[in-house]
Amino acid sequence: MVLVEVQGQLFDLSSDGSISEGRGVPSIIVLKDVSKEALQEYSRMGIKVFLCEGEVQECLTKLLRIVYPECKTCKFQ
């Protein structure tokens with residue numbers, strides 16, 4: 001599982017293609033834009049940044065396909 005933060009909400013992305021609400025410290029944060037300083041800070045904390053302009057569900061689905069490319073079905077729960 002990969003924990004992702006999008007607009008202050010946490011989600012778990014699973015290798016079976018499911019997306020559900022999550023808890024904990026995210027390993028990836030989804031942003032619409034990011035400054036160089038913020039990117040460096042996230043890097044220091046070990047958090048990866050994924051830039052996405054779409055809606056939450058759309059961004060999570062795109063990210064799921066990148067993290068788990070073998071996934072053929074994606075479910076938003």
Side-chain angles (χ1 to χ4, degrees):
M1 283 194 169
V2 175
L3 192 58
V4 179
E5 180 181 331
V6 184
Q7 297 178 359
Q9 296 178 295
L10 292 172
F11 298 93
D12 279 323
L13 304 182
S14 298
S15 60
D16 67 357
S18 65
I19 301 171
S20 57
E21 290 185 31
R23 292 188 181 159
V25 178
S27 57
I28 301 174
I29 187 166
V30 177
L31 301 170
K32 291 187 180 195
D33 61 359
V34 65
S35 68
K36 183 177 179 181
E37 294 80 19
L39 190 57
Q40 290 172 341
E41 183 62 28
Y42 287 125
S43 178
R44 273 192 282 268
M45 295 187 301
I47 298 173
K48 296 178 183 176
V49 174
F50 179 72
L51 297 176
C52 184
E53 290 286 329
E55 297 294 319
V56 172
Q57 184 174 354
E58 179 184 346
C59 291
L60 286 171
T61 301
K62 285 180 183 179
L63 186 57
L64 180 64
R65 290 183 182 140
I66 291 169
V67 173
Y68 299 112
E70 70 280 355
C71 172
K72 301 296 182 206
T73 61
C74 295
K75 302 172 187 171
F76 189 83
Q77 299 176 351

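Just so it is clear, the values below take in all heavy atoms, side chains as well, and ignore hydrogens, waters and symmetry mates. None of the values given here were measured: they were computed from a predicted structure.
Grouping the Ile, Leu, Val, Met, Phe, Trp and Tyr side chains by contacts below 4.5 angstrom, directly or via other members, places V34 with M45. Both V56 and L63 belong to a common hydrophobic cluster when Ile, Leu, Val, Met, Phe, Trp and Tyr are linked at side-chain heavy-atom distances under 4.5 angstrom. A continuous path of ILVMFWY side-chain contacts below 4.5 Å connects I66 to Y68, so both sit in one hydrophobic cluster. Hydrophobic cluster membership is shared by V6 and F50, with clusters built from Ile, Leu, Val, Met, Phe, Trp and Tyr side chains linked at under 4.5 angstrom.
The nearest pair of heavy atoms linking S14 to L64 is O-CD1, 3.7 Å. Closest of all the heavy-atom pairs between E21 and D12 is O-OD2, 3.8 Å. Between S27 and V2, the shortest heavy-atom contact is OG-CG1, 3.5 Å. When all heavy atoms are compared, the tightest approach of P26 to I47 is O-CG1, 3.7 Å. Minimum heavy-atom separation, Y42 to I29: OH-CD1, 3.6 Å. In terms of heavy-atom proximity, L10 sits nearest to E5 at CD2-CB, 3.7 Å.
Counting heavy atoms from C-beta on, the side chains of V67 and I28 come closer than 4.5 Å. Contact check for Q7 versus E55: no side-chain heavy atoms found under the 4.5 Å cut-off. The side-chain heavy atoms of E41 and E37, taken from C-beta on, include no pair separated by under 4.5 Å.
From E53, atom CD reaches atom CG of L31 across 10.5 Å, with rounding to the nearest 0.5 Å.
At most 12 heavy atoms of other shown residues, nucleotides or ligands fall within 6.0 angstrom of atom CZ in R23.
Under the 3.5 Å distance criterion, the side-chain polar atoms of S43 are left unmatched by any main-chain donor or acceptor of L39.
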